[in-house]
Protein chains: 2
Amino acid sequence: MAKRIGKQTIELERKIGILDSAAVVGQKEGEGPLSRFFDYSSPDIMFGEDSFERAESKMVSKSCEKTLEKAGLSLTDIDLICGGDLLNQCAASHFAHRNNGIPFIGLYGACSTLTEGICLAALFLDGGGFSKVLVETSSHFCTAERQYRFPLEYGSFRTPNNQWTVTGSGACIIGSDSPFGIYIKRVLIGKIIDLGITDQNNMGAAMAPAAADSIKQFFKDTDAKPTDYDAIFTGDLGAVGTKIVREMLKEEGYDIEDIHSDCGLLIYDLSRQNVRSGGSGCGCSASVFSSYVIEKLKQRELRKILFMSTGALLSPTTTLQGESIPSVVHIVEIEVE
Amino acid sequence: MAKRIGKQTIELERKIGILDSAAVVGQKEGEGPLSRFFDYSSPDIMFGEDSFERAESKMVSKSCEKTLEKAGLSLTDIDLICGGDLLNQCAASHFAHRNNGIPFIGLYGACSTLTEGICLAALFLDGGGFSKVLVETSSHFCTAERQYRFPLEYGSFRTPNNQWTVTGSGACIIGSDSPFGIYIKRVLIGKIIDLGITDQNNMGAAMAPAAADSIKQFFKDTDAKPTDYDAIFTGDLGAVGTKIVREMLKEEGYDIEDIHSDCGLLIYDLSRQNVRSGGSGCGCSASVFSSYVIEKLKQRELRKILFMSTGALLSPTTTLQGESIPSVVHIVEIEVE
């Protein structure tokens, strides 16, 4: 049985591993520094579809198919899909999986969705009754701009703290073993933290306190320290949020600077790709995790890591109503054996 | 350990019970047939707040507080909250729980959210590491009209097949025991089913096939039959969907008519309350479950039931794009010992 350690951390009892993963991205991401790690980058932002939303769904289907293919499995081997995305009513995931015959748990955790899904999958598998769970999430620059900001045709300006929504979908299959020896050891489900940031163009600053809270809690619960890890990845804090989370943790006595990377800073070349403060969106941490991070684990260049997607739980309506931005950050501890 | 039975059903190993529950509703619901079962009905549709969205968040906080109060617990006794709602980015739940210090898993399952949350909570508790999980969901007539249909001020007409979004929030606490002997035995996580219904004013018809699929699968997996149960509750199929699900199951050899009730038909007096085809929204099944159904179980008037919230996974954007309506239905089997 899984065991609670300290206040929020859960230690898994059984061997719960990552069977394989895949990432499907857009052209801009395919031209970035992680280019060679992605399974597919589409030259067509529409992915052959006639709307941005259908394009995003197609991307989800494609990342799931690629993952199954790499793992040597077919959809019927999967017991459960855990997924969700940024679209209102999580439409990208729902339309990708309709009528595919696989039980589905819909998640909304904004950009924290990937690690939310992995936490769930790991806990379900540890508890019994499941053998293989597929986790997926996505974001698409054009659906996100239309829904959260302005129609693309407006050509609106972006502030320096703004982040660029990644066009990408990442998927992974969690099961009771891993051909690569990549295992999930402990998970932490985050609390909703809101320190009063109201600027929707500065989500890194809104999410950083939630990331700091979860990391601090994990270290407290487990008596671990930053030097126990080869790397700590955050989802999409970007340049602004990265600085803040490091400072907040330093004040608490945890110096993560040498081992911390943010997926939002890894996926683009900030000096060249005009993405302001870095990448964001569910697809940001998902596509970096499902390609670059898993590859580094497979190659044993990384052996023990913390991975956490970071989610800003605002809505356009709450922003218009002057509300601040609540955030949530879940952590997955992964070790190569 | 939990055990898979047949294709989709999971049988829990440990005793997982309902500690208590509460339902907070609006005035219209408080004037309906279930009036005496609700814990609180607000004469003020705004719940003392200055926006519909804040009103819905307030209602969520209130149903959680009432549940804790009835169970004799405080928030710090809770390990995890599983919640979600119909608002874009599930804003009602996120704002209700910000800074409350409790780990949070955000769900999007449209009106299936209550049973989605109970399935998760039950599986987590069975797997270990958790002792008490709070499940909540909500809907509010005014936030739903604004988001899915038209601003209230338009005074738009409603079709006969239309359903009325319930203003209500239901919450329950799941733990390793139940003072009332109310236990969750088996759960089924549904598949996303879409038989091509495109009329967003007829969601009962869109959801009925998913309900029929889940019920049929549960009976197949477990070798159970309708007569094994005192009652089978669906979430918000309304008058149209209720007729369809009964017919679809009859064709499969399962006659549920004598024991089937739909929460959307229980919560309003259709002849008197001008709600067309009945109630809908996450708050519909949640407030009926957390009040009327739990009370009938406490009183031992019901001893063995299937409860399933029914979710239509459309979005206003997908509807405008001519897409049909995918749906999902999760089942919880409950028994009084």
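Computed over heavy atoms, backbone and side chain alike; hydrogens, waters and symmetry mates excluded. A, B, ... follow the sequence lines: proteins, then strands. Residue 1 opens every chain.
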Ranked by heavy-atom pairs below 4.5 Å to chain A, first place among B:Gly190, B:Pro103, B:Gly128, B:Gly84 goes to B:Pro103
Check: B:Gly106 main-chain N/O paired with A:Glu116 side-chain donor or acceptor under 3.5 Å: yes
Out of curiosity, B:Ile105 CD1 to A:Leu107 CG, how far, rounded to the nearest 0.5 Å? 7.5 Å
Between B:Val328, B:Ile10, B:Leu313, which shows the greatest number of heavy-atom pairs under 4.5 Å with chain A? B:Leu313
Distance check, rounded to the nearest 0.5 Å: B:Glu53 atom CD versus A:Ser315 atom OG? 7.5 Å
Select, from A:His330, A:Lys7, A:Arg4, the one with the greatest count of heavy-atom pairs under 4.5 Å involving chain B. A:Arg4
For A:Arg98 and B:Ser324, does a side-chain donor sit closer than 3.5 Å to a side-chain acceptor? yes
Are side-chain N/O atoms of A:Asn88 and B:Gln147 paired as donor and acceptor at under 3.5 Å? no
What part of A:Leu188 lies closer than 4.5 angstrom to a heavy atom of chain B: side chain, backbone, both or neither? neither
Find the distance between CG (B:Leu314) and NE2 (A:His94) and round it off to the nearest 0.5 Å. 10.5 Å
If you count heavy-atom pairs under 4.5 Å between each of A:Asp50, A:Ile193, A:Thr317, A:Asp79 and chain B, which one has the most? A:Asp79
Contact class of B:Leu125 relative to chain A, heavy atoms under 4.5 angstrom: neither
Could you please spell out the steps behind the side-chain contact (heavy atoms from CB on, under 4.5 Å) verdict for B:Phe130 and A:Ile189? CA-CA 12 Å; B:Phe130 297 90; A:Ile189 296 171; 4.2 Å; yes
Most contacts with chain A, counted as non-hydrogen pairs under 4.5 angstrom, among B:Asp194, B:Thr9, B:Leu195: B:Asp194
If we only count heavy atoms from C-beta on, is the B:Asn100 to A:Lys191 side-chain gap below 4.5 Å? no
Contact leader toward chain B among A:Gly129, A:Gly127, A:Ala110, where contacts are heavy-atom pairs under 4.5 Å: A:Gly129
Tell me, out of A:Glu13, A:Arg14, A:Lys3, who's got the most heavy-atom pairs with chain B below 4.5 Å. A:Arg14
Options B:Ser131, B:Gly109, B:Ser51, ranked by heavy-atom pairs under 4.5 Å with chain A, top entry: B:Ser51
Under a 4.5 Å heavy-atom cutoff, which of B:Gln217, B:His97, B:Glu323 has the most pairs with chain A? B:Glu323
Between B:Arg54 (side chain) and A:Gln321 (backbone), is there a donor-acceptor pair under 3.5 Å? yes
Given a strict heavy-atom distance threshold of 4.5 Å, which part of B:Leu80 is in contact with chain A: side chain, backbone, both, or neither? side chain
Spacing of B:Leu87 atom CG and A:Thr318 atom OG1 [to the nearest 0.5 Å]: 9.5 Å
Which atoms of B:Phe52 are under 4.5 Å from chain A, going by heavy atoms: the side chain, the backbone, both sets, or neither? neither
Is B:Lys220 atom NZ crowded by more than 12 heavy atoms from other residues, nucleotides or ligands, each under 6.0 Å away? no
Taking every non-hydrogen pair under 4.5 Å, which of A:Gln8, A:Gln89, A:Arg146 racks up the most with chain B? A:Gln89
With respect to chain A, which residue among B:Ala91, B:Ala210, B:Cys90, B:Gly101 yields the maximal number of heavy-atom pairs within a distance under 4.5 Å? B:Gly101
Counting only non-hydrogen atoms closer than 4.5 Å, does A:Phe95 touch chain B with its backbone (N, CA, C, O), its side chain (CB onward), both, or neither? side chain
Separation between OG (B:Ser93) and CD1 (A:Ile192), nearest 0.5 Å, reads 8.0 Å
